[in-house]
Amino acid sequence: MRSPKDFFAPLAVGAPDPVREIPVRPSRMIHFFDPGNEKMTAKLPDLASKADVLLGNLEDAVRADRKVAARQGLVALAKNTDFGAAQLWTRINSLDSPWALDDLITLVTEVGDRLDVIMVPKVDGAQDIHYVDRLLAQLEARAGLRRPLLVHAILETASGVANVEEIAGASPRMQGISLGPADLAASRRMKTTRVGGGHPGYLVRSDPAGDDLHAGRTTYQQDLWHYTVARMVDACAANGILPYYGPFGDIRDVVACEDQFRNAFLLGCVGAWTLHPVQIEIARKVFSPSPEDVAWARRVIREMGDGTGAVMIDGKMQDDASVKQCKVVAELADALAARDPELAKAYDAVKETS
Ligand SMILES: CC(=O)SCCNC(=O)CCNC(=O)[C@H](O)C(C)(C)COP(=O)(O)OP(=O)(O)OC[C@H]1O[C@@H](n2cnc3c(N)ncnc32)[C@H](O)[C@@H]1OP(=O)(O)O
Ligand SMILES: CC(=O)C(=O)O
Ligand SMILES: [Mg+2]
């Protein structure tokens with residue numbers, strides 16, 4: 001481990017100073033596209049006004065014989081496209097692949113000033129982040145970048161989960177972590193075949209009412225990802241970085257996608273991945289607090305005055321701890337309103353009634 005005194009020193013001569021705080025910009029949906037797929041890239045100017053983050057994916061879902069085309073496509077897009085207020089991220093290939101090194105060299109030296117965050121897949125431990133950290137510093141120095149690139153890890157191996165706290169704190173570049181349920185399921189040897197979401201076989205059943213073990217017993221499907229998301233959220237919050245739910249692969253099942261995203265939102269995640277344009281609006285709805293919740297939060301903050309003591313509002317006790325929760329909701333609403341004029345209007349409308 002680096003000495004705490006050196007933690008914020010650049011890792012290469014001429015590299016920009018590391019950030020001391022991760023900028024909290026709206027990132028409710030990280031929208032994936034294949035930069036070598038012309039049908040997808042044609043949609044980007046329109047999607048840029050809808051998605052908080054557009055991510056040029058170079059890893060899984062891009063065929064091996066299209067890896068170089070995807071990388072070059074991303075360079076061209078980054079140079080020639082106006083993404084407006086949307087952030088541009090990329091997911092590089094895994095560090096043990098034949099493409100990762102060229103992904104980093106090409107992207108940082110050619111379009112490092114256009115990229116916000118580099119997502120690194122299959123992170124097993126802090127050693128993977130340390131490798132990327134130093135390499136990025138060298139490349140930033142070579143490219144003359146003034147702003148450090150941030151790093152986002154995908155939590156998708158059993159080792160990664162075991163080491164999630166050290167990954168979250170491995171570098172001042174660490175921006176966030178996403179759950180990668182598909183690779184994680186494979187790594188853990190789970191007996192599922194899906195990309196995220198639940199499974200009807202993972203359930204609890206109410207007790208039998210009599211001798212008939214089959215009669216009248218309700219079953220409740222459980223969330224396969226609860227443990228991992230909760231661990232990831234704690235690791236991120238403890239290190240001042242941001243947690244995300246990853247992909248929901250059943251594109252047609254917009255109802256279960258919304259449920260999975262909402263579970264993650266309630267547990268502390270700030271966003272999720274969207275794999276298809278239809279999922280963007282779901283993420284926007286779920287990861288923006290409702291106007292009613294925002295109105296309530298603002299009311300509690302107002303009535304709590306200096307934030308100490310206890311008061312009763314509509315029969316519910318409020319104190320220092322509940323006002324802190326309300327501040328999380330109200331501050332998120334303010335940040336989102338600055339990016340999203342429709343939400344700003346909805347939040348203003350309830351302001352008057354609360
Ligand atoms: C486990 C993981 O690693 S998850 C992350 C990796 N996976 C990905 O990135 C997958 C990204 N998404 C996709 O590849 C596609 O959405 C698929 C394969 C799932 C479905 O694609 P299609 O079968 O083309 O879907 P569909 O026909 O509904 O698409 C409608 C239109 O939206 C476009 N589209 C689909 N997905 C996207 C996208 N992510 N971004 C932009 N446009 C898209 C299609 O090209 C199509 O365009 P067209 O109307 O001009 O023909
Ligand atoms: C997100 C991802 O890469 C996975 O689920 O494997
Ligand atoms: Mg994966």
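For ligands, and for the atoms within them, numbers begin at 1 and follow the listed sequence.
A salt bridge (charged side-chain N to carboxylate O under 4.0 Å, His left out) with D52 holds for exactly one of R25, R28, R284; it is R28. With T109 as reference, L139 is the one residue of L104, L139, V75 to meet the side chain to side chain contact (heavy atoms under 4.5 Å, CB included) rule.
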> Going through the distances and angles, do N93 and D103 end up as a side chain to side chain donor-acceptor pair (under 3.5 Å)?
Replying inline: CA-CA 7 Å; N93 285 285; D103 289 346; 2.8 Å; yes
> Hey, mind stepping through H31 and T274 against side chain to side chain donor-acceptor pair (under 3.5 Å) and telling me if it holds?
Replying inline: CA-CA 5 Å; H31 183 72; T274 55; 2.8 Å; yes
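Taking a distance limit of 4.0 Å, we find that atom 51 (O) of ligand 1 is approached by some protein heavy atom. Atom 37 (C) of ligand 1 lies below 4.0 Å from at least one non-hydrogen atom of the protein. Remark: atom 27 (O) of ligand 1 lies closer than 4.0 Å to no protein heavy atom. Using a 4.0 Å threshold on non-hydrogen atoms, atom 17 (C) of ligand 1 does not count as touching the protein. Shown here, atom 11 (C) of ligand 1 is in close reach of the protein: a heavy atom of it lies under 4.0 Å off. Distance check on atom 7 (N) of ligand 1: some protein heavy atom falls below the 4.0 Å cut-off. Counting only heavy atoms, the protein never gets under 4.0 Å from atom 23 (O) of ligand 1.
For the ligand labelled ligand 2, residue G180 lies inside the 4.0 Å heavy-atom shell. Not close to ligand 2: P121, with no non-hydrogen atom less than 4.0 angstrom away. Under the 4.0 angstrom criterion for non-hydrogen atoms, H31 is in contact with ligand 1.
Here D183 reaches the Mg ion (ligand 3): one of its N/O/S atoms is less than 2.8 Å from the metal. The nearest N, O or S atom of E59 is not closer to the Mg ion (ligand 3) than 2.8 Å.
Rounded to the nearest 0.5 Å, atoms CZ (R91) and CE (M119) are 7.5 Å apart. Atoms OH and CG, on Y244 and L155 in that order, are 14.5 Å from each other to the nearest 0.5 Å. To the nearest 0.5 Å, atom CG of residue D124 and atom CD of residue Q127 are 6.5 Å apart.
Between K122 and E59 there is a salt bridge, since a side-chain N of the basic residue sits under 4.0 Å from a carboxylate O of the acidic one. Ion pairing between a basic and an acidic side chain is recognised when a charged N comes within 4.0 Å of a carboxylate O; D133 and R2 show such pairing.
Counting heavy atoms under 4.0 Å from ligand 1, residue L47 touches it through the side chain alone. By the criterion of a heavy-atom distance under 4.0 Å, both the backbone and the side chain of M40 are placed next to ligand 1. Of the heavy atoms in P181, both backbone and side-chain atoms come closer than 4.0 Å to ligand 2. The backbone and the side chain of L275 each have at least one atom closer than 4.0 Å to an atom of ligand 1 (non-hydrogen atoms only).
When the heavy atoms of E38, K43, K39 are ranked by distance to atom 49 (O) of ligand 1, first place goes to K43. When H276, E156, Q279, R252 are checked for heavy-atom proximity to atom 25 (O) of ligand 1, H276 turns out nearest. The heavy atom nearest to atom 19 (C) of ligand 1, out of those in D34, L184, I251, is found in I251. Considering E156, R194, K122, E59 only, the shortest heavy-atom separation from atom 4 (C) of ligand 2 involves E156.
Within the 3.5 Å criterion, the main-chain N or O of A126 finds a donor-acceptor partner in the side chain of E166. Under the 3.5 Å distance criterion, the side-chain polar atoms of Q279 are matched with a main-chain donor or acceptor of L275. At distances below 3.5 Å, at least one donor-acceptor pair connects side-chain atoms of R134 with backbone N or O atoms of L11. Within the 3.5 Å criterion, the main-chain N or O of L95 finds no donor-acceptor partner in the side chain of Y131. Judged by distance alone, with hydrogens and angles left aside, the side-chain atoms of R188 form no donor-acceptor pair with the main-chain N or O of A158 at under 3.5 Å. Under the 3.5 Å distance criterion, the side-chain polar atoms of K50 are left unmatched by any main-chain donor or acceptor of E281.
Taking the six-membered ring where the residue is Trp, F261 and F287 present tilted rings, their angle falling between 30° and 60°.
Of the polar atoms of V195, none of the N or O atoms is found under 3.5 Å from an N or O of ligand 1, judged by distance alone. At least one N or O atom of R91, backbone or side chain, sits closer than 3.5 Å to an N or O atom of ligand 1. By the 3.5 Å distance cut-off applied to N or O atoms, A61 is not counted among the residues near ligand 1.
Proximity of the aromatic rings of H276 and F32 is defined here by a centroid distance below 6.0 angstrom, and this criterion is not met.
The atom of E156 that is an N, O or S and sits closest to the Mg ion (ligand 3) is OE1.
The ligand atoms of ligand 1 that sit less than 4.0 angstrom from a heavy atom of D60 are 6 (C). Near D183, meaning under 4.0 Å from any of its heavy atoms, are these atoms of ligand 2: 4 (C), 5 (O), 6 (O). Numbered from 1 in the order shown, with element, the atoms of ligand 1 that lie under 4.0 Å from a heavy atom of P277 read 34 (N), 35 (C), 36 (N), 37 (C), 38 (C), 42 (N), 43 (C). Close approach of ligand 1 to N57 is summarised as follows: ligand atoms under 4.0 Å from at least one heavy atom of the residue are 6 (C), 9 (O). Each of the following atoms of ligand 2 lies closer than 4.0 Å to a heavy atom of A182: 4 (C), 5 (O), 6 (O).
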